[in-house]
Amino acid sequence: MQRHVPRSSAPPHSTTLIGSVQRAMRLLEAVAEHAYGAPAKQLARETGVALPTAYHLLRTLVHEGYLRRDKGLFFLGEAAERLGSSGARQKRRSTVVDTLADWRDALGVPVYYAMYRDGEIEVVCVSDTPGNPAVEEWADFRETGHAHAIGQCLLAQLDEDARRDHLDRHPVQSITPYTVRDGRSMLRRLERMRRMEPVTERQEYALGTVCAAIPITVGTTAATMAISLPAHQADRLPAATRQLQNEVGRLLGSLAISISI
């Protein structure tokens with residue numbers, strides 16, 4: 001005999017939805033549509049929320065900082081604006097991630113994006129594949145900038161005082177037999193580098209790996225796009241570097257804001 005299972009009159013997922021949250025979000029969206037603010041009655045009418053409920057939700061949103069009230073009109077508050085700026089940063093980061101993936105596939109090598117921020121080297125994004133894996137960070141990239149192309153490229157974009165400060169905080173140390181031996185030698189090397197020329201290093205950070213980095217300057221921010229290859233494929237490095245440089249030059253205008261993530 002087939003058992004009778006009573007059906008709920010509401011959709012199965014409706015019990016997981018919170019109506020007050022839905023109404024509050026509709027009010028937030030409505031406020032965002034009014035650059036010069038809007039009164040509670042207008043917001044209630046536009047969203048279909050009962051006026052007493054709208055007043056209650058609007059007061060709560062003001063208390064939490066998502067809205068502010070001025071002369072009877074409601075505007076987006078600081079908390080909502082922070083959410084908006086975070087969303088914009090995520091969108092910019094997504095642009096960089098997608099671009100690096102395109103370059104990775106076109107060049108057949110791992111691609112890195114890094115920047116010098118708050119006195120430190122920061123690898124922001126890496127795009128690689130199982131067949132072309134990125135260099136393993138076996139020694140902290142921030143502390144070993146003298147030994148890899150990314151760090152050398154970023155340091156070369158700084159002025160002398162900033163370079164010395166960085167190397168004072170992160171002294172030169174031997175990472176492999178090919179690593180520069182002391183801070184004075186590192187400073188001399190950085191001085192000889194042309195500001196916007198690619199930087200290459202061969203097995204200075206990781207044995208069996210060669211790398212190149214393309215300098216990028218956006219305003220006062222030092223940044224770089226870089227690639228790496230196994231040492232036995234070192235003959236591919238110059239051509240891949242030129243191709244990356246061409247791609248960066250072609251898209252830099254559209255990426256200028258995005259790479260400031």
Side-chain angles (χ1 to χ4, degrees), residues 2-104 111 113-120 122-127 216-223 225 248 250-261:
Q2 186 176 8
R3 296 178 59 191
H4 174 69
V5 179
R7 294 183 179 180
S8 171
S9 58
H13 65 279
S14 65
T15 56
T16 65
L17 302 180
I18 301 175
S20 59
V21 175
Q22 292 176 308
R23 289 187 286 273
M25 296 303 294
R26 289 202 298 270
L27 287 167
L28 271 175
E29 291 170 352
V31 172
E33 293 293 324
H34 296 280
Y36 300 101
K41 288 183 179 179
Q42 181 178 355
L43 295 170
R45 184 172 62 253
E46 291 177 355
T47 57
V49 176
L51 185 58
T53 301
Y55 274 125
H56 174 71
L57 292 173
L58 290 168
R59 284 197 299 269
T60 302
L61 290 168
V62 169
H63 180 268
E64 296 298 324
Y66 290 96
L67 294 179
R68 62 182 177 86
R69 187 178 183 183
D70 183 23
K71 298 179 180 178
L73 302 178
F74 290 91
F75 303 82
L76 290 179
E78 291 184 1
E81 290 170 356
R82 284 197 299 272
L83 283 177
S85 62
S86 296
R89 284 196 300 272
Q90 290 179 6
K91 185 176 181 180
R92 293 197 299 268
R93 183 182 180 88
S94 177
T95 298
V96 173
V97 169
D98 292 345
T99 301
L100 261 62
D102 290 342
W103 291 345
R104 174 203 67 202
V111 182
Y113 169 60
M115 60 193 305
Y116 198 80
R117 182 156 51 190
D118 298 328
E120 298 295 346
E122 181 180 345
V123 178
V124 179
C125 184
V126 180
S127 186
I216 303 171
T217 301
V218 179
T220 58
T221 301
M225 296 284 182
V248 170
R250 184 171 62 85
L251 291 181
L252 185 54
S254 60
L255 283 174
I257 296 177
S258 298
I259 67 173
S260 64
I261 60 175

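Numbering starts at 1 and runs along the sequence shown.
Rounded to the nearest 0.5 angstrom, Arg23 CZ and His56 NE2 are separated by 10.0 Å. With rounding to the nearest 0.5 angstrom, the OG atom of Ser127 is 15.0 Å from the OH atom of Tyr113. Remark: Met225 CE to Cys125 SG distance equals 8.5 Å, nearest 0.5 Å. Separating the CD1 atom in Ile216 from the OG1 atom in Thr221 is a distance of 11.5 Å, to the nearest 0.5 Å. Once rounded to the nearest 0.5 Å, the distance linking CG of Leu61 with CE of Met25 reads 9.0 Å.
Contact between Leu58 and Ala40 at its shortest, heavy atoms only, is CD1-CB, 3.6 Å. Scanning all heavy atoms of the two residues, the minimum distance from Val31 to Phe74 falls at CG1-O, 3.6 Å. Of all heavy-atom pairs between Leu43 and Ala30, the closest is CD2-CB, 3.7 Å. Minimum interatomic distance between Tyr36 and Phe75 (heavy atoms only, all atoms of both residues): C-CE2, 3.3 Å. Closest heavy-atom contact between Leu51 and Ala44: CD1-CB, 3.9 Å. Taking both residues in full, the closest heavy atoms of Val124 and Arg117 are given as CG2-NH2, 4.3 Å, listed atom of the first, atom of the second, then distance.
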Please lay out, stage by stage, how Arg26 and Thr47 fare under the test side chain to side chain donor-acceptor pair (under 3.5 Å). CA-CA 6 Å; Arg26 289 202 298 270; Thr47 57; 5.5 Å; no
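Within the 4.5 Å cutoff, side-chain heavy atoms of Tyr66 are placed close to those of Leu28. For the pair Lys41/Tyr55, a side-chain contact is recorded, criterion being any heavy-atom separation below 4.5 Å from C-beta on.
Surrounding NE2 of His34 are more than 12 heavy atoms belonging to other residues, nucleotides or ligands, all under 6.0 Å away.
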